[in-house]
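Chain naming here is simple, since letters A, B, ... match the order of the sequence lines and numbering starts at 1 in each.
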Amino acid sequence: MSPGGDLWSDSALAATVAESLGAGQDSELPPDVRFLASSVKVVGRRLRRPESGDDPPHFAVFVLKPMGRKDPAIKEFELVWRLDEAATALSGRLWLTNEALNFGHALAQMPAESELISWLIDDLELGEYPTVIYDPTVDGGRIRFYPSGLMDLGDVQTYGVGDLHAVSADEVKGIVDFVVSNSLLTPQMQISKGSTWANPAKYWVSSNAEALIQAQLRVALKKEWPVCDIQHEIPVRSGRFDLSVSFFDPASGAWTHYGVLELKVLKYHSATGKTTYGLTDNQTAVADGVAQAASYRDNIGASWGMLCCFDHRQDADSECLATLPANDSRNVEVHRWQIWNSSEPLRASGSSA
Amino acid sequence: MAPNPSVVGVRGSVRLLTIVDAAEQVGLAPVTARLVHVAAYMTNALSPVWSLAPYTAEVLKLLGGPYDPGLQQELDRLVGRGLLIVREPSYEFTENEGWRLAAEYELHHEFSRPVLDAALRYPDEADASRVVREICLALSGVPTDELDDLVRSDVSYADPSVSPNSVVDLFGADGSNPSSRTAQRFGVLSPRGTATTAAEEAHLYIRHMLRVAASGTGQ
């Protein structure tokens, strides 16, 4: 028997879900991206509360700098528990918090907006921490995210509050283009501890290359659409999809699934070089990928399906896509990105991406 | 084959350093001994939500909340080795054990960081460290002075069939325990359905414990 009787009944648990839905989300993202997502969510949640109409029309500043409970630097701050539930006004305050916004130290005495940045950087020495600024006064509300902190004002991403639109396959392809050209294109661009190459000189590909690419795409997609859920490896009727871009409406409890991405790493050699793959193997992988993307898309009722091929082969070309039928009724977008084993052939190819 | 005691010892030390590190990073400093015991207990109770076995499967149920003397000894040992710094030592009175040492702990980063970095190269330790961080994040939403009430409302700990000074079993035959099973109910009840992650279940469980504790009916 459960202690406390009805307090542990399903209806009592459901009440907690209703009040705290969102707690613990995005745990697999890096802290700064999770902080962005949490900040965007808390602003939306606050705006859905009827009493938010009385909130002051001033900036809310969130800084990813959780402070200890007894830190003398926060003597003047008010401690607010479960900030993510948005039970208190956010605007007109500086919030020092962690990536889950489980609590926040709030300071209400902020200077005029013209002095805000210098106050945060020079007076409070908060310029190097990821920062989100919510401005409720323009265009129905804007959110600016400074992942490197306010010291680098040029590194900023802006989002409209409630600016939700159907995320298209074209937009997602643009993000994959960006990730490939900035983080995957050559071994030198990749993180050494998480390279898709086991031995680039020999074209040996890491056994977890797909997982590494998936992790990078998840972060990039979330940064672009922080209100969206970037789900991964979720089981559906016909298998388990690699990635999806979806939106969960907490007010209605309804999901909108924009699209599904199926990822394939094309290669000639395994991580140890002991197994080799021919053109036919790669063509089969592509054909399977198209079938998977179509089926997962239909399983969850998404608008589009996309197969993303990350081609690690020497002399890679689009022949691996050649066996796909023309005017395929499954209507899956198929894209191939070449991942080079060093900078030299990339330069020789004259390609920038 | 019985586990190698020296490996068990190293893993225990790493687990404690991980707790103190995560607690500092999420804003739970100063990290009191009480907090370490509560975080260790909740990590053990909720590890099965991540399909991980609890590090300590059996915990002695005390009236004042979980207190593991072995863990406390290990904390003291880490201070002696210079990996933790101890501050504000004092004594606190407990009904069960009388007076015991209370203190705040801080990571000695210069010495501890290489140990943590080395441990995180092992996938098991990296997984465990992620769980510890999530538990500390969830606990960061709990007022410090409510930690004891919180744990006393935990389904496993408050089970009336387990009397004080008996053992709370956190690793049942199926690898779960009442706390982890209740946490997993949130995955069923959440409108997010299969998208609900282990971390969400754990956070929601701790939020719920807080509400139960606030109602004053936790044992």
Does any heavy atom of chain B fall under 4.5 Å from the side chain of Q25(A), the backbone, both, or neither of them? both
What are the two closest heavy atoms between A199(B) and S27(A), and how far apart are they? CB-OG, 3.3 Å
What do the steps show when you test R69(A) against L28(B) for side-chain contact (heavy atoms from CB on, under 4.5 Å), and what is the final call? CA-CA 7 Å; R69(A) 308 282 154 88; L28(B) 279 166; 3.4 Å; yes
Under 4.5 Å to a heavy atom of chain A? For V142(B) that would be backbone
SB check R133(B) E99(A) (cutoff 4.0 Å): yes
Nearest non-hydrogen partners of K70(A) and P30(B), listed with the distance: CD-CG, 3.9 Å
Do any N or O atoms from the side chain of N102(A) and from the backbone of S140(B) form a donor-acceptor pair under 3.5 angstrom? no
Under 4.5 Å from a heavy atom of chain A, the part of E146(B) involved: neither
Ignoring hydrogens, what is the shortest heavy-atom contact between V26(B) and F103(A)? Give both atom names and the distance. O-CE2, 3.3 Å
Under a 4.5 Å cutoff for heavy-atom pairs, which residue among R185(B), E200(B), R192(B), Q25(B) has the most contacts with chain A? R192(B)
Which atoms of L210(B) are under 4.5 Å from chain A, going by heavy atoms: the side chain, the backbone, both sets, or neither? side chain
Inspect the contact between E134(B) and R34(A) and indicate whether a charged nitrogen and a carboxylate oxygen are less than 4.0 angstrom apart. yes
For chain A, find its close neighbours in residues 37-53 of chain B: heavy-atom separation under 4.5 Å, sorted by number, or none. none
Options M67(A), E19(A), Q231(A), ranked by heavy-atom pairs under 4.5 Å with chain B, top entry: E19(A)
Report which part of A195(B) has an atom under 4.5 Å of a heavy atom belonging to chain A: side chain, backbone, both, or neither. both
What option among T197(B), T194(B), V31(B), T144(B) has the most heavy-atom pairs under 4.5 Å with chain A? T144(B)
Test: E85(A) and R211(B) ion pair at under 4.0 Å: yes
S20(A) and L204(B), any side-chain heavy atoms less than 4.5 Å apart: yes
For P250(A), which atoms come within 4.5 Å of any heavy atom of chain B: side chain, backbone, both, or neither? neither
Between A198(B), P191(B), P143(B), which residue shows the highest count of heavy-atom pairs closer than 4.5 Å to chain A? P143(B)
Gap separating the CG atom of D10(A) from the CG atom of L189(B), nearest 0.5 angstrom: 4.5 Å
Chain B contact via L13(A) - side chain, backbone, both or neither, heavy atoms under 4.5 Å: both
Look at the rings of Y205(B) and W8(A) and say which category their plane angle falls in: under 30° parallel, 30 to 60° tilted, over 60° perpendicular. tilted
Tell me, side chain or backbone of A15(A) under 4.5 Å from chain B's heavy atoms, or both, or neither? neither
Proximity breakdown for D26(A) and chain B, heavy-atom pairs closer than 4.5 Å: neither
Rounding to 0.5 Å, atoms NE2 (H203(B)) and CG (D84(A)) come to a distance of 9.0 Å
